[in-house]
Amino acid sequence: MPLFTSPLAEEIAPDLLDRFQRYVRVDTQSRRNDNGKTPSTPGQLDLSRMLVEELKAIGVDDAELDDNGYVMATLPGTVDGDTPVVGLIAHVDTSPDAPGRGVEPIVHRAYAGGAIELPRSDTVLDPAAMPELAGKEGHDIVTSSGDTLLGADDKAGIAEIMAAVAHLAAHPELPRPTLRIGFTPDEEIGQGASHFDVERFGARCAYTLDGSTVGELQDETFTGAEAIVTIHGIEVHPGFATGKLVNAARLAGRLLAALPAELTPEATEGRGGFIHVYEVSATAGKAVIRTIVRDFDEALLAGHVALLRATAEEVVASEPRARLEIDVRQQYPNMRSHLEPFPEIVEAAEQAIRDEGIEPLRTPIRGGTDGSLLSAMGLPTPNLFTGGHEYHSVREWASVQDMASAAATIVRLAEVWARR
C-alpha cells in the first residue's frame, strides 16, 4: 500500500519537511495577557519575518508584515476570467500550555509500529493510547525531543501552505485562481483574528490549515468564552488571624470542588460542552481562577457561564467579608451559521480532498480556529487538516506523509477554484 496519497504529495514532501523543521525551531509561544498587545511575544515576529523573506524568494513579491504581526501576500492566478480570490491561512504562534523553547525536531523514519521513546523527560508515544499513531506504520513521524511541544499546531499548516505555494509558483502551467496567503499571531490565546484586515486581505473566502486527522474538513466550531473569577479575601498574619483572616485560597478550593466533574473536558466528548479551569493563582488575600467555557450552542454556553457564576456566588457568600469579581469575555462564535449561506466553499474543499484520493471527514471542532472570527467578520473560512496530533503537549507528533497530503490538497483546491 503506498504511503503517499499521490505522486504530487510525494514530490512536495521533501520541501515541506525542510520548512517544517526550520519553523518549529523558532520559539513562537503566545502569552496570555490583558494588555491587548499584538503579537503577545516577540518570537512570533521572528518567524513572520522569516516567512516574508521566504515568500519573496518563492516569487511572491508583495509579501509584507504589518504593525500587528500579520503576514499577507498574493500569488497571482494563472487562469483567465473572473475567478474568486481564495485565501490560505495558518497561525504562527504555539500554545502556552506546554514548554515551547528550544524545540528539537526528530524524524523517525519508516515508523515500525510500537511505542516511540523520546530522549527526554521519559516521554513515550504509545499507540495503545494514540489510535491515530497505530495506523502509521511506514510513515516518517516527526516529534520533539520529549521536553517541549513540537509546534505542529500550527507550523504544520504554515509549512503546508508554503510548500504548496512554492510548488504552484514553480509550475505556472497549473491552473489556479489568485491566492491570498495570511499568517496570523496569537491564535492560541483567542486573538488571532482580532486585528485581521478582511478588506485588505480581499478574498472571497479562505481556508485555515489548522486541523488534525487526514481528510478533516470542518465548518463548525465551539462557541467560546473566557471567565475569570477573582476572590478577594482579607490577609492577616496567621498568628493573629483568629476571627480576622478571610482566606481566598481556601474559598477558591471550595469553588473548584463544587464545579460539576461531569462538565469538564476530560469527561465530555462529541457535542458536549464544558467548563475548563486552566490556571489558578491564589494567596490568602486574593485568588484568581481562569477558565474557558465551551459549547456548540450559544444558549448552552450561556448556561455554563451562569452555572459557574452561581456556584462562585454561593461559595463566596458563605463568607460575607469576601468579595467576588467575575469577568466574562466572549472569544469566538461557532462558524457554522456564517458558512451555511455559502455551501460552495465547503463543497470546493470536499472536491479537493477527494481529488487527492482521500475521503472527507466531516467533524465539528472541539475548539476554535481563526476561521471562527473571520467567518463572523465576513470572510467565510472553514478548516482543513494538517496531519498533526496530540496538540498542546510534549507528545505532539506529525506524519510527513499526512502533511504532504495536506499540501497536495491545497494544490488541488487551487485547481477546483480555477474551474469555477
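For this chain, numbers begin at 1 and follow the sequence in order. If you're wondering where the values come from, they're calculated on a predicted model, not measured in any experiment.
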[X] (side chain) donor-acceptor with [Y] (main chain) under 3.5 angstrom:
{"X": "Tyr207", "Y": "Ile345", "value": "yes"}
{"X": "Asp147", "Y": "Arg120", "value": "no"}
{"X": "Gln29", "Y": "Ser95", "value": "yes"}
{"X": "Thr148", "Y": "Gly100", "value": "no"}
{"X": "Arg412", "Y": "Ala349", "value": "no"}
{"X": "Arg176", "Y": "Leu168", "value": "yes"}
{"X": "Glu160", "Y": "Ala404", "value": "no"}

From [X] [atom1] over to [Y] [atom2], what is the distance, rounded to the nearest 0.5 angstrom?
{"X": "Ser145", "Y": "Leu118", "atom1": "OG", "atom2": "CG", "answer": "7.5 Å"}
{"X": "Asp62", "Y": "Thr74", "atom1": "CG", "atom2": "OG1", "answer": "3.5 Å"}
{"X": "Ile292", "Y": "His304", "atom1": "CD1", "atom2": "NE2", "answer": "12.0 Å"}

Do [X] and [Y] have side-chain heavy atoms sitting under 4.5 Å apart?
{"X": "Ser48", "Y": "Tyr70", "answer": "no"}
{"X": "Ile189", "Y": "Arg31", "answer": "no"}
{"X": "Arg290", "Y": "Val277", "answer": "no"}
{"X": "Ile289", "Y": "Leu256", "answer": "yes"}
{"X": "Gln401", "Y": "Thr5", "answer": "no"}
{"X": "Val92", "Y": "Gln44", "answer": "yes"}
{"X": "Met72", "Y": "Phe196", "answer": "yes"}
{"X": "Thr381", "Y": "Cys205", "answer": "no"}

Charged N to carboxylate O below 4.0 Å: is that the case for [X] and [Y]?
{"X": "Arg362", "Y": "Glu220", "value": "no"}
{"X": "Arg250", "Y": "Glu319", "value": "no"}
{"X": "Asp402", "Y": "Lys136", "value": "yes"}
{"X": "Asp66", "Y": "Arg200", "value": "yes"}

Answer yes if the side chains of [X] and [Y] hold a donor-acceptor pair under 3.5 Å, and no otherwise.
{"X": "His392", "Y": "Asp153", "value": "yes"}
{"X": "Gln191", "Y": "Asp186", "value": "no"}
{"X": "Ser372", "Y": "Thr221", "value": "yes"}
{"X": "Asn383", "Y": "Thr208", "value": "yes"}
{"X": "Thr386", "Y": "Tyr391", "value": "yes"}
{"X": "His139", "Y": "Ser399", "value": "yes"}
{"X": "Arg294", "Y": "Gln331", "value": "yes"}
{"X": "Thr223", "Y": "Asn334", "value": "no"}
{"X": "Ser212", "Y": "His389", "value": "yes"}

With salt bridge (Lys or Arg N to Asp or Glu O under 4.0 Å) as the test, would you mind laying out the steps for Arg204 and Glu344 before giving the verdict?
CA-CA 11 Å; Arg204 161 71 178 81; Glu344 69 278 6; 2.5 Å; yes
Apply side chain to side chain contact (heavy atoms under 4.5 Å, CB included) to Ile228 and Ile326, showing your working.
CA-CA 6 Å; Ile228 302 174; Ile326 301 179; over 6 Å; no
List the atom of [X], the atom of [Y], and the distance in Å for their closest heavy-atom pair.
{"X": "Gly151", "Y": "Phe20", "result": "O-CE1, 4.5 Å"}
{"X": "Asp370", "Y": "Ala193", "result": "OD1-N, 3.6 Å"}
{"X": "Thr268", "Y": "Thr264", "result": "OG1-O, 2.9 Å"}
{"X": "Gly285", "Y": "Ala248", "result": "C-CB, 3.9 Å"}
{"X": "Leu51", "Y": "Ile158", "result": "CD2-CG2, 3.7 Å"}
{"X": "Gly87", "Y": "Ala203", "result": "N-CB, 3.9 Å"}

Can you give me every donor-acceptor pair (side chain of residues 232-243, partner residue at least two apart or in another chain, under 3.5 Å) with its distance?
residue	atom	partner	partner atom	Å
His232	NE2	Glu325	OE2	3.0
His237	ND1	Gly239	N	2.8

Any chance you could lay out the side chain to side chain contact (heavy atoms under 4.5 Å, CB included) test for Val246 and Leu251, step after step, and finish with the verdict?
CA-CA 9 Å; Val246 177; Leu251 289 171; 4.3 Å; yes
Do the rings of His276 and Phe274 sit parallel, tilted or perpendicular, given the 30° and 60° boundaries?
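Ring orientation, 0 to 90° scale: perpendicular.
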Quick test of your reading: applying salt bridge (Lys or Arg N to Asp or Glu O under 4.0 Å), list the pairs with at least one residue in residues 87-99, sequence neighbours left out, ordered by first then second residue.
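Only Arg32-Asp97 qualify under salt bridge (Lys or Arg N to Asp or Glu O under 4.0 Å).
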Decide side chain to side chain contact (heavy atoms under 4.5 Å, CB included) for Leu361 and Thr213; before the verdict, give the C-alpha distance in whole Å, the side-chain angles of both, and the deciding distance to 0.1 Å.
CA-CA 8 Å; Leu361 179 62; Thr213 301; 4.0 Å; yes
What's the verdict on side chain to side chain contact (heavy atoms under 4.5 Å, CB included) for Lys155 and Arg19, showing C-alpha distance, side-chain angles and the deciding distance?
CA-CA 9 Å; Lys155 291 169 184 174; Arg19 293 179 186 278; over 6 Å; no
